[in-house]
Peer 1: 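First the structure, which I've put down as structure tokens, then a few questions once you've had a look.
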Amino acid sequence: MFDLDRFAADCRTALAQDHGAHRAVREVVARAVADPSSVLAGLGEPRRAGVQKLYHAPDLTILNIVWGPKMTLMPHDHRIWAVIGIYTGCEDNIFWRRVEGGKVEAAGAKALRTGDCTVLGRDIIHSVTNPIPRLTGAIHVYGGDFFSIERSEWDPETLREERYDVAKNMRLFEEANTALATGQ
Ligand SMILES: [Fe+2]
């Protein structure tokens with residue numbers, strides 16, 4: 001069964017690689033989500049949308065992110081590399097690039113399904129949609145302190161850059177839970 005302490009220790013070992021730490025971490029995450037039922041057994045079947053901190057250090061953050069049914073998170077950046085591994089459900093990612101006036105335009109997409117794993121470089125801007133009517137669970141590993149880094153989001157309607165608003169983003173998860181509870 002997926003063991004969180006073991007997983008975090010493996011990520012730390014991978015992080016110590018002088019070159020290509022993110023690729024080494026990707027291998028650790030890919031290995032974990034290659035056996036999604038083991039991750040489900042270790043972390044528990046997702047019951048509600050949210051961001052669960054699994055491990056947090058200045059140089060490494062591991063999150064269990066559960067997306068609500070059909071939930072979309074607006075374009076945002078991280079300013080550190082990230083590795084995403086899906087253990088149940090789906091993430092449809094749109095990748096964006098900066099254009100003039102602080103705006104972004106769509107540049108590509110990647111559909112991640114259960115068992116898939118991908119690396120996002122430090123400059124990547126993405127938005128995430130869970131396209132299915134049930135919860136999606138993903139392990140997200142970041143090469144830094146996810147919670148203290150100043151970063152940006154882009155308004156989904158105007159595509160203009162704004163300061164990333166943690167409280168607003170957390171509210172989106174709670175709105176997803178309200179919709180789940182009321183069957184909307
Ligand atoms: Fe993200």
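Numbering of ligands and ligand atoms starts at 1, following listing order. Numbering of residues begins at 1 and proceeds along the displayed sequence.
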Peer 1: The criterion is ring pair (Phe, Tyr, Trp, His ring centres under 6.0 Å); which residues satisfy it with Phe147, sequence neighbours excluded?
Peer 2: His56
Peer 1: In terms of ring plane angle, is the pair Tyr142 and Phe146 parallel, tilted or perpendicular, where the classes change at 30° and 60°?
Peer 2: tilted
Peer 1: Tell me every residue that passes side chain to side chain contact (heavy atoms under 4.5 Å, CB included) with Leu43, counting only those two or more places apart in sequence or in another chain.
Peer 2: Phe2, Val39, Leu54, Asn64, Tyr87, Ile139
Peer 1: Could you please tell me which protein N, O or S atoms lie under 2.8 Å from the Fe ion (ligand 1)?
Peer 2: His76 NE2, His78 NE2, His126 NE2
Peer 1: Who else is in the cluster with Leu159 when I, L, V, M, F, W and Y are joined by side-chain contacts under 4.5 Å?
Peer 2: Ile94, Trp96, Val104, Ile125, Trp154
Peer 1: I would like to know whether Arg113 and Asp92 meet salt bridge (Lys or Arg N to Asp or Glu O under 4.0 Å); could you show each step before the answer?
Peer 2: CA-CA 8 Å; Arg113 297 298 180 263; Asp92 286 347; 2.8 Å; yes
Peer 1: Any salt bridge between Glu174 and Arg48, counting N to O under 4.0 Å?
Peer 2: yes
